[in-house]
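A short write-up of the structure that comes next.
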2 protein chains.
Amino acid sequence: MNPRECSLASALNVIGEKWSLLALREVFYGVHRFDGIVRNTGAPRDVLATRLRTLVDGGVLRRVRYSERPPRDEYHLTQAGLELAPAMLGLMRWGMRWVEDAPVSATVFTHSCGGQLDAGIVCTSCGEDVGSGEVELPDTGTAQGS
Amino acid sequence: MNPRECSLASALNVIGEKWSLLALREVFYGVHRFDGIVRNTGAPRDVLATRLRTLVDGGVLRRVRYSERPPRDEYHLTQAGLELAPAMLGLMRWGMRWVEDAPVSATVFTHSCGGQLDAGIVCTSCGEDVGSGEVELPDTGTAQGS
DNA sequence: CTCGTGGGTTGCGAAACCCAACTCACTTAT
DNA sequence: ATAAGTGAGTTGGGTTTCGCAACCCACGAG
């Protein structure tokens, strides 16, 4: 009867609103300041202001002061924010592969070895790298109710 | 000046609206019908109806008729939908790890070997499994403009 | 012939979104 | 010494979207 409790829903409470992930993308890309994020995302300024606040409150970003008088802060990733990288990469990759007219986007993340990073699925017990599509669905049968 | 073109934005156009990912979660979990998805997500019926439509239009879900008269369809994952698994797993894992009071959620995806699957980042050139947090950010310096 | 179920649609008030303009607090040009 | 520009928002307003409850239609069961 009640909605399923799920960490996905919890995650979406923090980063699931419109513009949140695009704002985070900019910070990942090294754009740390309000106007830059506005320009690169196209988000309305007021909406972005509240998004950044919830991201800070949610522990994903932290403000770093770079000027007293006038007081101005940059937005930087926390550890929690950094660890969103796999999920964001997964979405980017998916968009590239499956959404028509998505840009082939040259901007990607690089490993320290110089190679490009990719999001994948790994089996925690046998360590095997699972190709997308070989996921076994949980055996909930056709159960519909809660 | 213009917003950055990015496959992440394209992806979010398809699966970024409220309830979309939760609806997809249900389909992943084997709940294929409207009422089941409504019950398990808590989404308003009207919103869910339009979300399912955009997911179908976006090629993530497909309708599978299971009854003529009255005509009734189930929602099933397409290949594109299945390949959202890494991204969704990434978000679930992140929620579990970083969001307070997120359920420890026993429902996960399993590999054919019986182990639990996890989302990770892999280097495409050296093949190394990169621990979250070791991501090298693109060297955009402090560039702010477009 | 009424009840229940599945899959929606409709109406309407509340909330969120978007945009343009405005505010401070400075810094740099003229 | 004004004037114009930058950075980081806030404010006012109109427009969409959300969310909820109620309704509808087709059927099947009792």
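Lettering follows sequence order; numbering is per chain, from 1.
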Once you round it to whole Å, what is the distance between P of D:dG7 and OH of A:Y66?
7 Å

Run the salt-bridge test on A:D73 and A:R33 with the 4.0 Å N-O cut-off and return the result as yes or no.
no

Residue B:R69 excluded, over 12 heavy atoms near CZ under 6.0 Å
no

What's the CG-P distance between B:D35 and C:dT9, to the nearest Å?
13 Å

Is it the case that the base of D:dC18 and the side chain of B:D46 share a donor-acceptor contact (distance under 3.5 Å, atom types as modelled)?
no

Could you state the CD1-P distance from A:I37 to D:dA8, rounded to the nearest angstrom?
9 Å

Would you mind telling me which of D:dG19, D:dT17, C:dG7 lies closest to the side-chain atoms of B:F34?
C:dG7

Quick one: do B:R97 and A:E83 make a salt bridge, cutoff under 4.0 Å?
yes

Check this for me, if you would: do B:E26 and A:R4 make a salt bridge, where the nitrogen-to-carboxylate-oxygen distance has to be below 4.0 angstrom?
yes

For C:dG8 and B:R63 - does any side-chain N or O of the residue sit under 4.0 Å from the phosphate oxygens OP1/OP2?
yes

If you check every side-chain atom of B:R51, which of D:dC27, C:dC19, D:dC18 has the closest atom?
D:dC18

Can you tell me if the side-chain N/O atoms of A:Y75 get under 4.0 Å from OP1 or OP2 in D:dG7?
no

Counting only side-chain nitrogens and oxygens, does A:R53 get under 4.0 Å of the OP1 or OP2 atom of D:dT10?
yes

Below the 4.0 Å mark, does C:dC18 have OP1 or OP2 next to a side-chain nitrogen or oxygen of A:K18?
yes

Got a second to check how far A:Y75's OH is from A:L48's CG, nearest 0.5 Å?
7.5 Å

Using whole Å, what does the distance between atom P of nucleotide D:dA8 and atom CG of A:N40 come to?
13 Å

Just how far, in rounded Å, is P of D:dG7 from CG of A:L48?
15 Å

Nearest-nucleotide comparison on DNA chain C, the residue closer to the 5′ end among A:P71 and B:T50:
B:T50

On the nucleotide D:dG19, are OP1 or OP2 found under 4.0 Å from the side-chain N or O atoms that B:W19 carries?
yes

Under 4.0 Å between a side-chain N or O of B:R45 and OP1 or OP2 of C:dT9?
no

Specify the separation, in whole Å, of atom CG of A:D73 and atom P of D:dG7.
15 Å

When the distance from NE2 of A:H32 to P of D:dG7 is rounded to whole Å, what number comes out?
15 Å

Presence of donor-acceptor pair under 3.5 Å, side chain of B:R72 and base of C:dG7
no

Would you kindly give the CD-to-C1' distance between A:E68 and C:dA25, to the nearest whole Å?
14 Å

